[in-house]
Amino acid sequence: MSSSTADNRKLNSAPVFTAVAYTVVSIIALICLIPFVVLLAGAFSSESSVISDGYWFWPRDFSLDAFKFIFRYPGDVLSAYKVSILIAVIGTALSLFCSTMAAYVLGRKELKHRNKLAFFLFFTTLFSGGLAPYYIWLSRNLHLSNTYAVLILVPMFNVMYILILRSFISSSVPEPLIESARIDGAGDLRIFLQMILPLSKPALASIGVFTALAYWNDWWTAMMFTTKDPLIPLQYLLYKMLSSVNLSSAMSQHVTNLDAPKETFKLAMTVIATGPILIVFPFVQKYFVSGVTIGAVKG
């Protein structure tokens with residue numbers, strides 16, 4: 001009798017607990033959403049209102065001056081968008097494919113010295129040869145300057161992602177499944193393409209989001225290795241625009257707020273840069289949530 005009473009209490013308290021949990025999560029979500037709302041409001045405000053009144057949850061003095069300033073040369077912005085989308089899509093696909101392949105190989109027990117190879121990869125995250133040899137090797141030896149290849153290859157590999165994928169494959173793909181495929185005559189390439197990649201969708205989606213963000217936000221590679229305008233990605237173009245605004249504001253006392261909307265320009269620049277990411281993220285959200293714990297050690 002007492003056990004049934006306890007069970008009834010649990011059933012009665014379950015909806016209350018669910019309601020409280022949803023309420024807490026909703027409040028946290030709203031708190032996380034507030035900065036973006038303020039960002040949007042500031043981007044569509046005039047420079048003078050932001051400087052005098054600060055930021056608010058809606059535009060105090062609606063203005064498109066910041067966006068007009070960014071799109072003074074729409075051809076350059078559209079070209080930069082094209083470059084960013086191209087390198088983000090191709091780079092993310094190649095990065096996931098090669099990283100998963102390396103993770104699968106490092107996870108095979110029949111591979112000799114696989115732990116030493118993994119340590120060699122991890123060692124590169126602790127020490128590097130320095131910026132000067134890095135630049136000379138890519139520009140003079142490999143001749144990658146002013147090419148799409150340098151924008152794709154430089155951010156392509158992340159050792160931590162490879163190690164995480166190795167852990168995910170080892171813990172989530174049953175070894176008997178791979179052995180049965182070998183008995184049926186499947187080779188390593190077929191096993192990788194038809195078994196490992198499909199079973200690794202949660203991990204690939206999660207890591208793919210971070211890889212795509214790394215490509216999308218990368219302006220340093222373009223600054224170091226590109227001098228041609230058709231190869232400039234969006235982030236580097238916005239960085240150059242912001243630098244020109246700061247320079248003109250510092251050197252000239254005759255630059256008005258309308259000519260150089262410095263503060264609202266930063267906000268509008270963030271809106272333009274984050275727009276495509278906000279559009280893509282909902283499509284991979286379900287895989288991202290299921291893959292948050294990839295690489296976790298099983299108990």
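Note that the numbering runs from 1 along the sequence shown for the chain. FYI, side chains are in, hydrogens and waters are out, and symmetry mates aren't considered; it's all heavy atoms of this structure.
Interatomic distance, Met224 CE to Thr221 OG1, rounded to the nearest 0.5 Å: 8.5 Å. Note that OG of Ser99 is 7.5 Å distant from CD1 of Ile207, once rounded to the nearest 0.5 Å. Between the CD atom of Glu175 and the OG atom of Ser180 there is a distance of 10.0 Å, given to the nearest 0.5 Å. Rounding to the nearest 0.5 angstrom, the gap separating the CD1 atom in Ile28 from the OG1 atom in Thr23 is 11.0 Å. Note: Asn115 CG to Leu106 CG = 9.0 Å, rounded to the nearest 0.5 Å. Atom CG of Leu144 sits about 10.0 Å away from atom CG of Leu151, to the nearest 0.5 Å.
With Asn158 contributing its side chain and Met160 its backbone, the two residues share a donor-acceptor pair below 3.5 Å. With hydrogens and angles disregarded, a donor-acceptor distance shorter than 3.5 Å links the side chain of Trp216 to the backbone of Ala273. Side-chain atoms of Tyr215 come within 3.5 Å of backbone N or O of Ile152 as a donor-acceptor pair. Without hydrogens or angle criteria, Asp218 side chain to Ala214 main chain gives no donor-acceptor distance under 3.5 Å. Judged by distance alone, with hydrogens and angles left aside, the side-chain atoms of Ser95 form a donor-acceptor pair with the main-chain N or O of Met156 at under 3.5 Å.
What you find for Met195 and Leu177 is that their closest heavy atoms are CE-CG, 3.2 Å. What you find for Thr226 and Leu231 is that their closest heavy atoms are CG2-CB, 4.2 Å. Residues Ala103 and Ile162 share a closest heavy-atom pair of CB-O, 3.5 Å. Here the shortest heavy-atom pairing between Ala118 and Leu163 reads CB-CD2, 4.3 Å. Across every non-hydrogen atom of Phe67 and Ala43, the tightest pair is CE1-O, 3.5 Å. Across all non-hydrogen atoms, the minimal contact from Ala212 to Thr92 is CA-OG1, 3.4 Å.
Proximity of Met101 to Phe97: side-chain heavy atoms (C-beta onward) are separated by under 4.5 Å at one or more points. Using a 4.5 Å heavy-atom threshold, the side chains of Ile196 and Thr100 count as touching. With contacts defined as side-chain heavy-atom distances shorter than 4.5 Å, the pair Phe62/Ser45 does not qualify. Using a 4.5 Å heavy-atom threshold, the side chains of Leu121 and Leu117 count as separate. Contact of the Trp58 side chain with the Leu40 side chain is not registered, since no non-hydrogen atoms from C-beta on lie closer than 4.5 Å. Taking the side chain as every heavy atom from C-beta outward, Val89 and Ile85 approach each other to under 4.5 Å. In this structure, the side chains of Ile34 and Phe57 come closer than 4.5 Å at one or more pairs of heavy atoms. Under the 4.5 Å side-chain criterion, counting only non-hydrogen atoms from C-beta, Pro233 is not in contact with Trp219.
Residues Leu64 and Leu238 share a hydrophobic cluster, clusters being chains of Ile/Leu/Val/Met/Phe/Trp/Tyr side chains in contact below 4.5 Å. One hydrophobic cluster, built from ILVMFWY side chains closer than 4.5 Å, cannot hold both Leu131 and Ile136; they sit in different ones.
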Under the side-chain contact (heavy atoms from CB on, under 4.5 Å) rule, what do Ile178 and Val173 come out as? Steps first, then yes or no, please. CA-CA 8 Å; Ile178 298 178; Val173 181; 4.0 Å; yes

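Looking at residues two or more places apart in sequence or on another chain, you find a ring-ring contact (aromatic ring centres under 6.0 Å, His included) between Tyr135 and Phe225.
No side-chain donor from either of Asp76 and Ser79 sits under 3.5 Å from a side-chain acceptor of the other. Using modelled atom types and a 3.5 Å distance limit, the side chains of Thr264 and Asp65 yield no donor-acceptor pair.
Taking the ring centre of Phe192 as origin, the terminal cationic atom of Arg190 falls outside the region bounded by 6.0 Å and 45° from the ring axis.
Using a cutoff of 4.0 Å between basic side-chain nitrogens and carboxylate oxygens, Arg182 and Asp188 are scored as salt-bridged.
Between Phe123 and Phe119, the ring planes are tilted. Angles from 30° to 60° get that label.
Taking the ring centroids of Tyr104 and Phe168, they lie at or beyond the 6.0 Å cut-off.
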